[in-house]
Trainee: 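Have a look at the structure that comes next, please.
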Amino acid sequence: QLQLVESGGGLVQPGGSLRLSCTASGFTLDHYAIVWFRQAPGKEREGVSCIRRSGGSTSYADSVKGRFTISRDTAKNTVYLQMNSLSPEDTAIYYCVAGGLCVLREIAYDYWGQGTQVTVSS
């Protein structure tokens, strides 16, 4: 079965950190660009970060630059999103997607994960 599975979400206090994982089964993540999106209640989905295929360069939305880091672990077929200095504005469902291009907007992607909830609250 070909799928992406996110994990690592949860409840964290402002200023805290979380690391999200995006793991593929049935295909090799290294062959794809991976994009993290997020969607907060009542808001449009926002591209947060992406990494080009085969461990290439990365991009970040201005809202997370300097706080979030995207990386790959080829051996684990996993992409991570390390999120530091979290604020309530980061509260959203976070999705990882796999496709051909590293762009922070919605285009045709090959695979979507089911999402993981991140809640930043005291």
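For reference, positions follow the sequence shown, starting with 1.
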Trainee: Which heavy atom of Arg52 sits nearest to which heavy atom of Cys102, and what is that distance?
Mentor: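 What the structure gives for the nearest pair is CG-CB, 3.4 Å.
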
Trainee: Please report the shortest heavy-atom distance between Arg105 and Phe37, naming the atom on each side.
Mentor: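 So the two residues come closest at O-CZ, 3.5 Å.
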
Trainee: Can you run down the salt bridge (charged side-chain N to carboxylate O under 4.0 Å, His left out) pairs that involve residues 31-50, sequence neighbours left out, and say none if there aren't any?
Mentor: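 Residue pairs passing salt bridge (charged side-chain N to carboxylate O under 4.0 Å, His left out), neighbours aside: Arg38-Glu46, Arg38-Asp90, Arg45-Glu106.
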
Trainee: State whether the side chain of Thr78 and the backbone N or O of Thr23 hold a donor-acceptor pair below 3.5 Å, judged by distance alone.
Mentor: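 No.
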
Trainee: Roughly how far, to the nearest 0.5 Å, is CD1 of Ile34 from SG of Cys50?
Mentor: 10.0 Å

Trainee: Closer than 3.5 angstrom, by distance alone: can the side chain of Ser59 be matched with the main-chain N or O of Ser49 as a donor-acceptor pair?
Mentor: no

Trainee: Which pair of heavy atoms, one from Met83 and one from Leu20, lies closest together, and at what distance?
Mentor: CE-CG, 3.7 Å

Trainee: Determine whether Val97 and Tyr32 fall in the same hydrophobic cluster, where Ile, Leu, Val, Met, Phe, Trp and Tyr are linked whenever their side-chain heavy atoms lie under 4.5 Å apart.
Mentor: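 No, no single cluster joins them.
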
Trainee: Atom CG in Leu104, atom CD1 in Ile107: separation rounded to 0.5 Å?
Mentor: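 Rounded to the nearest 0.5 Å, the CG-CD1 separation comes to 10.5 Å.
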
Trainee: According to a 4.5 Å side-chain heavy-atom criterion applied to Ile, Leu, Val, Met, Phe, Trp and Tyr, with indirect links allowed, do Phe27 and Tyr109 form part of one hydrophobic cluster?
Mentor: no

Trainee: Decide yes or no for Val12 and Ser17: does some side-chain heavy atom of the first lie under 4.5 Å from some side-chain heavy atom of the second?
Mentor: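 The answer is no; the side chains never approach within 4.5 Å.
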
Trainee: Start with the C-alpha gap between Gln82 and Arg19, add the side-chain angles, then the distance that decides, and say whether side-chain contact (heavy atoms from CB on, under 4.5 Å) holds.
Mentor: CA-CA 4 Å; Gln82 177 67 43; Arg19 188 179 75 162; 3.4 Å; yes

Trainee: Taking Leu29's backbone N and O only, do any of them form a donor-acceptor pair with Asn77's side chain (distance below 3.5 Å, no angle check)?
Mentor: yes

Trainee: According to a hydrophobic-cluster definition based on side-chain heavy atoms being under 4.5 Å apart (Ile, Leu, Val, Met, Phe, Trp, Tyr only), do Ile93 and Val118 belong together?
Mentor: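 Result: no, two separate clusters.
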
Trainee: Do Tyr95 and Val103 sit in the same hydrophobic cluster, where Ile, Leu, Val, Met, Phe, Trp and Tyr count as joined when their side-chain heavy atoms come under 4.5 Å apart?
Mentor: yes

Trainee: Any link between Ile51 and Phe68 through a network of hydrophobic side chains (Ile, Leu, Val, Met, Phe, Trp, Tyr) touching at under 4.5 Å?
Mentor: yes

Trainee: Report yes or no: does Glu6 contribute a side-chain atom to a donor-acceptor pair with the main-chain N or O of Cys96 at less than 3.5 Å?
Mentor: yes

Trainee: Considering all heavy atoms of both residues, which atom of Leu4 and which atom of Cys22 are nearest to each other, and what is their separation?
Mentor: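 What the structure gives for the nearest pair is CD2-SG, 3.7 Å.
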
Trainee: Distance check, rounded to the nearest 0.5 Å: Arg67 atom CZ versus Ser85 atom OG?
Mentor: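 Those atoms lie 6.5 Å apart.
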
Trainee: Under the rule for side chain to side chain donor-acceptor pair (under 3.5 Å), what residues qualify as partners of Thr119, not counting sequence neighbours?
Mentor: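 Counting only residues at least two positions away or on another chain, Thr119 forms a side chain to side chain donor-acceptor pair (under 3.5 Å) with Gln117.
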
Trainee: Over all heavy atoms of both residues, which pair between Gly99 and Asp110 is shortest? Give the atoms and the distance, please.
Mentor: CA-OD2, 3.4 Å

Trainee: Main chain of Thr69, side chain of Tyr80: is a donor-acceptor contact present, judged purely on distance under 3.5 Å?
Mentor: no

